[in-house]
Amino acid sequence: MVNQAVAIETYNWTPGQEKQAIQAAFSKAANTYDRSAEFQRQVADTLLSYLPQDLSGQRIVDVGCGTGYCSEQLLKRGATVVAFDLSQSMLDKAKERCGEINISYVQGDAEQLPFKNNEFDVVISSLALQWCQDLSVPLAEMNRIAYNKGKVIFSTLLDGSLFELKNAWSKVDLYQHVNDFITPSMVNLALAQSECNKFTLDCTPVEMTYSSALALMKDLKGIGATHLPNGRHSGLLSKEKLLAVEEAYQVFKNEFNKLPATYQVGFGVISND
């Protein structure tokens, strides 16, 4: 049994190394993702509500498709879909879900989309762009490949997400255990920098509940959302530390004896009409 957490090591990673680490984290989680992705499905459903129910004749790319939940819903609405992801393991799972009719699968980087200008009627990305170092880059790329009168819609995590877990860990040690995310004003700035002239950003909290802090952390591990930026590591976690986090988290317990986990989500729409 490990009785002490290993100290954080900080590395000066290159962007390429950072991306490889993110890819590895999500590839490792491909087999467990769907069991832990209730929050991701809720956000995807909200994002999809920005589109018509009938998407017949529409060519759509799903950027950061993961295991293909959004892609599957788009297919059901009649669209022809390109499922796009950094992780081949995720694409393999998406193919198991969605099959091969009216859909193709492409591996690549959201910051360098391998598509022509004006290639898609709709570009969609749900909870993937927060893993990019500079949000303006994938936004510009997504806007580039959207047809002149097409639409780009995306969701991303914002500052304040998982504040309960972050607060609980702050009572235990000084290491970083929870990712930081950008503010709404920074998203608006990224939209402006990407030369998206007509856009809206809706920000809303989404609360999930858990029986324990450990259950929440298992879900985060299950979806691969455990990578910390710039090579930071929280180290090995002792049983004592996990118990301490569990105790610290109890101050947030609600009237139903559940522990909330609050995500701040930004829903963006870029219109090209």
Side-chain angles (χ1 to χ4, degrees), residues 22 25-26 29 32-51 62-74 90 110 124-132 135 138-139 142 151-170 177-188 190-191 199-229 245 249-270:
I22 293 169
F26 284 100
T32 58
Y33 187 93
D34 286 332
R35 293 197 298 270
S36 303
E38 182 182 350
F39 163 69
Q40 283 71 18
R41 289 187 288 270
Q42 286 191 27
V43 171
D45 286 340
T46 300
L47 188 62
L48 288 164
S49 71
Y50 287 78
L51 296 176
D62 181 6
V63 177
C65 67
T67 59
Y69 178 80
C70 260
S71 295
E72 181 182 40
Q73 304 309 308
L74 294 167
M90 287 291 189
I124 185 172
S125 180
S126 188
L127 295 179
L129 301 184
Q130 65 265 9
W131 306 113
C132 296
L135 181 60
L139 288 176
M142 290 165 64
K151 180 180 288 187
V152 176
I153 61 173
F154 67 93
S155 61
T156 189
L157 293 180
L158 300 174
D159 181 52
S161 293
L162 297 174
F163 75 88
E164 301 97 340
L165 182 60
K166 184 177 290 189
N167 180 277
W169 270 116
S170 73
H177 297 270
V178 182
N179 274 292
D180 294 321
F181 301 102
I182 63 177
T183 64
S185 62
M186 294 169 72
V187 178
N188 281 314
L191 283 160
F199 59 84
T200 61
L201 180 66
D202 300 325
C203 304
T204 184
V206 178
E207 183 181 287
M208 308 297 292
T209 57
Y210 291 86
S211 59
S212 66
L214 181 59
L216 165 60
M217 289 187 281
K218 283 183 176 179
D219 260 8
L220 294 174
K221 183 178 180 180
I223 63 169
T226 53
H227 173 72
L228 294 174
V245 172
Y249 210 127
Q250 299 307 304
V251 299
F252 297 104
K253 185 174 289 186
N254 64 22
E255 64 270 29
F256 304 106
N257 211 34
K258 293 287 188 178
L259 298 176
T262 305
Y263 295 86
Q264 302 295 334
V265 185
F267 295 93
V269 178
I270 303 168

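- Side-chain contact check for Leu74 versus Leu51: some heavy-atom pair is nearer than 4.5 Å.
- His177 is not listed as a side-chain neighbour of Met217, based on a closest heavy-atom distance of 4.5 Å or more.
- Rounded to the nearest 0.5 Å, atoms CG (Leu165) and CG (Leu259) are 10.5 Å apart.
- Residues meeting the side-chain hydrogen bond (donor to acceptor under 3.5 Å, both in side chains) test with Lys253, sequence neighbours left out: Gln250, Asn257.
- Taking the six-membered ring where the residue is Trp, Phe181 and Trp131 present perpendicular rings, their angle passing 60° and hence far from 30°.
- Contact check for Asp45 versus Tyr69: side-chain heavy atoms found under the 4.5 Å cut-off.
- Applying the ring-ring contact (aromatic ring centres under 6.0 Å, His included) test to Phe154 and every residue at least two apart in sequence or in another chain returns nothing.
- Put simply, the side chain of Thr46 does not reach to within 4.5 Å of the side chain of Val206, judged on heavy atoms.
- Contact detail for Val265 and Ser155: the closest heavy-atom pair is CG1-CB, 4.2 Å.
- Looking at Ser126 and Gln40, their side chains never bring a donor and an acceptor atom within 3.5 Å of each other.
- Checking side-chain atoms of Tyr249 against main-chain N and O of Asn167 turns up no donor-acceptor pair under 3.5 Å.
- At least one side-chain heavy atom of Leu129 sits less than 4.5 Å from a side-chain heavy atom of Met142.
- At least one side-chain heavy atom of Cys203 sits less than 4.5 Å from a side-chain heavy atom of Leu158.
- To the nearest 0.5 Å, the span separating CD1 on Ile124 from CD1 on Ile153 amounts to 3.5 Å.
- Atom CG of Leu47 sits about 12.0 Å away from atom CD of Gln73, to the nearest 0.5 Å.
- Distance alone, capped at 3.5 Å, is enough to place a donor-acceptor pair between the Ser125 side chain and the Val63 backbone.
- Using cut-offs of 30° and 60° for the angle between ring planes, the Tyr50 and Phe267 rings count as parallel.
- Ala128 approaches Gly64 most closely through the heavy-atom pair CB-CA, 3.8 Å.
- At least one side-chain heavy atom of Ser211 sits less than 4.5 Å from a side-chain heavy atom of Lys258.
- The structure places CG of Leu127 at 5.0 Å from CZ of Phe39, a figure rounded to the nearest 0.5 Å.
- At least one side-chain heavy atom of Tyr210 sits less than 4.5 Å from a side-chain heavy atom of Asp219.
- Ser161 and Gln264 get closest at one heavy-atom pair: OG-N, 3.0 Å.
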Step by step, would you call Asn188 with Phe199 a side chain to side chain contact (heavy atoms under 4.5 Å, CB included)?
CA-CA 9 Å; Asn188 281 314; Phe199 59 84; 3.4 Å; yes
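- Residue Met208 holds its CE atom at 11.0 Å from CG of Leu162, rounded to the nearest 0.5 Å.
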Could you walk me through whether Val269 and Lys151 pass the side chain to side chain contact (heavy atoms under 4.5 Å, CB included) test, one step at a time?
CA-CA 7 Å; Val269 178; Lys151 180 180 288 187; 4.0 Å; yes
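- In terms of modelled atom types and a separation under 3.5 Å, the side chain of Thr262 and the main chain of Glu207 share no donor-acceptor contact.
- When all heavy atoms of Leu157 and Gln130 are compared, the closest pair comes out as N-OE1, 3.5 Å.
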